[in-house]
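Take a look at the structure set out below.
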There are 2 protein chains.
Amino acid sequence: MSDEVLTAFDALFELTTRLGESMRADLGAHGLNPARAEVLLVLHRRGPVVQRELSQILRVTPRHVTGLVDTLAEQGWVARTPHPSDRRAVLVGLTDAGTAQATEMHRRRAEAARAWLGDVDPADLTTFRTVLGQVLDRLGSSGER
Amino acid sequence: MSDEVLTAFDALFELTTRLGESMRADLGAHGLNPARAEVLLVLHRRGPVVQRELSQILRVTPRHVTGLVDTLAEQGWVARTPHPSDRRAVLVGLTDAGTAQATEMHRRRAEAARAWLGDVDPADLTTFRTVLGQVLDRLGSSGER
DNA sequence: ATTCATTGTGAAGTCAGTTCACTATGTTCT
DNA sequence: AGAACATAGTGAACTGACTTCACAATGAAT
């Protein structure tokens, strides 16, 4: 019945809130916020990147990227280096501390995953993941990176 | 394997992001944001409420409630009336337009639920809901209202 | 050499939300 | 009744994330 759908949706929504809060808290305890954490993860995945590209990946204005990088640089997690061939552009890359921080974030993510889903029945978990995948697939049309 | 847990967690995370964006967009199209929408829903559920109580329900400062109510009153969705017995307090309640808006929100929520989960296999959906419930239960200790 | 496009940043603004100080009212205690 | 204390709401000022606009420096195209 439609009721089941509604209940599931509400639960998902509630979980969204909780997950978000939990993540914010965790990041905050490590001197980060979601936007800056995302920068670190992107740089960890792609290596050094020009600010302009970063702004497209993150879907924020170039101006805001300047601010994000300023902060992260002050914290010692990223560093700006001149672009080898384009003197307008700036390459942003992780420092050693930044790399360590990104690695740590992956570790904490795995830890959180275990804490949240670790004791779910394996078969149920598989179904759970399947449903999530299905929904995400159908949504795929909007907003892929 | 732990990998399944991680994959599921990532998918869940991704979905929550999308859900949040989608909700924001939908609310925005109707002149609302999450905080103000929450006010409307609370008033719809509980009837007129004193601002102080509202601040506790929403977990924001009383000062911020003043602002939220100011805006919603300008938009014609809530109205302040004097508290019958306590002249310091103000009762905030939905106007007719506000009630209509809240009802509309419930309709749109049901619509969204169908759009997101409507074509999931019923048995899978049940498992999905169960897992969500399990996770929420275990998290229950923190932050109930 | 000129024109046009692109990168990054200063200056200023918006929006959600907070803290602090203060007024008005309610409650309690003698 | 009066003093002392608690509570409800709001002005003023601030923080933090993010935007728009204008502009200087550089690069690409004609």
Side-chain angles (χ1 to χ4, degrees), chain A residues 17 20-21 23-25 27-43 46 48-75 77-93 143, chain B residues 17 20-21 23-25 27-43 46 48-75 77-93 143:
Chain A
T17 307
E21 276 169 19
M23 189 198 69
R24 258 159 212 276
L27 289 175
H30 295 261
L32 283 167
N33 68 11
R36 291 196 282 269
E38 185 68 18
V39 173
L40 259 41
L41 291 180
V42 167
L43 295 181
R46 326 255 286 220
V49 155
V50 165
Q51 287 192 193
R52 165 75 185 184
E53 200 184 339
L54 207 44
S55 92
Q56 289 161 341
I57 297 171
L58 303 175
R59 299 172 194 272
V60 299
T61 56
R63 185 57 184 89
H64 185 44
V65 170
T66 299
L68 290 172
V69 172
D70 283 352
T71 306
L72 289 169
E74 274 169 27
Q75 293 176 306
W77 288 329
V78 308
R80 283 186 242 242
T81 55
H83 189 288
S85 65
D86 186 340
R87 283 191 304 173
R88 295 167 305 177
V90 178
L91 275 179
V92 184
Chain B
T17 305
E21 276 169 20
M23 187 200 69
R24 260 161 212 275
L27 290 176
H30 295 261
L32 284 167
N33 69 10
R36 291 196 282 269
E38 184 68 18
V39 173
L40 259 41
L41 291 180
V42 167
L43 295 182
R46 325 254 286 223
V49 154
V50 165
Q51 288 192 194
R52 166 74 184 184
E53 200 184 339
L54 208 43
S55 92
Q56 290 163 340
I57 297 171
L58 303 175
R59 297 171 194 273
V60 300
T61 57
R63 186 57 183 88
H64 186 41
V65 170
T66 299
L68 291 172
V69 171
D70 283 351
T71 305
L72 289 169
E74 274 168 29
Q75 293 176 305
W77 287 329
V78 308
R80 284 187 240 241
T81 55
H83 188 288
S85 65
D86 185 341
R87 282 190 305 172
R88 296 166 307 177
V90 177
L91 275 180
V92 184

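Residue numbering restarts at 1 for every chain, and letters A, B, ... go by the order of the sequence lines.
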Interatomic distance where [atom1] belongs to [X] and [atom2] belongs to [N] [whole Å]:
X	N	atom1	atom2	answer
Arg59(B)	dT18(C)	CZ	P	13 Å
Leu72(B)	dC15(C)	CG	P	15 Å
Leu68(A)	dG8(C)	CG	P	13 Å
His64(A)	dC15(C)	NE2	P	17 Å
Arg24(A)	dG17(C)	CZ	C1'	12 Å
Leu58(B)	dT18(C)	CG	C1'	15 Å

Closest approach of [X] to [Y] (non-hydrogen atoms, all atoms of both residues):
X	Y	result
Pro34(A)	Met23(A)	CG-CE, 3.8 Å
Val49(A)	Leu54(A)	CG1-N, 3.7 Å
Pro62(A)	Arg52(A)	CG-NH1, 4.2 Å
Val50(B)	Ala89(B)	CG1-CB, 4.1 Å
Ala37(B)	Leu32(B)	N-CD2, 4.1 Å

Donor-acceptor pair, His83(B) side chain versus Ser85(B) backbone, under 3.5 Å? yes
Does Asn33(B) place a side-chain N or O at less than 4.0 Å from the phosphate oxygens OP1/OP2 of dC15(C)? no
Take atom CZ in Arg24(B); do more than 12 heavy atoms of anything else shown fall under 6.0 Å from it?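 Check fails, neighbour count at 12 or below.
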Using a 4.0 Å cut-off to any heavy atom of chain A, which nucleotides of DNA chain D are the first and last in contact, reading 5' to 3'?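 Nucleotide range with atoms under 4.0 Å of chain A: dA17(D) to dG27(D).
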Ignoring hydrogens and angles, does a donor from either the side chain of Arg63(A) or the base of dG10(C) sit under 3.5 Å from an acceptor on the other?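 Answer is yes: a donor-acceptor pair is held.
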Inter-residue atom distance Arg63(B).CZ - Gln51(B).CD, 0.5 Å rounding: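 Nearest 0.5 Å value for the CZ-CD distance: 9.5 Å.
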How does each nucleotide of nucleotides 1-7 of chain C score, in 5' to 3' order, for protein heavy atoms under 4.0 Å: base (B), sugar-phosphate only (S), or none (-)? ----BBS
For the side-chain contact (heavy atoms from CB on, under 4.5 Å) test, which of Leu27(B), Leu43(B), Leu58(B) pairs with Glu38(B)? Leu58(B)
By nearest-heavy-atom nucleotide on DNA chain D, the more 5' of Ser85(A) and Val60(A) is Val60(A)
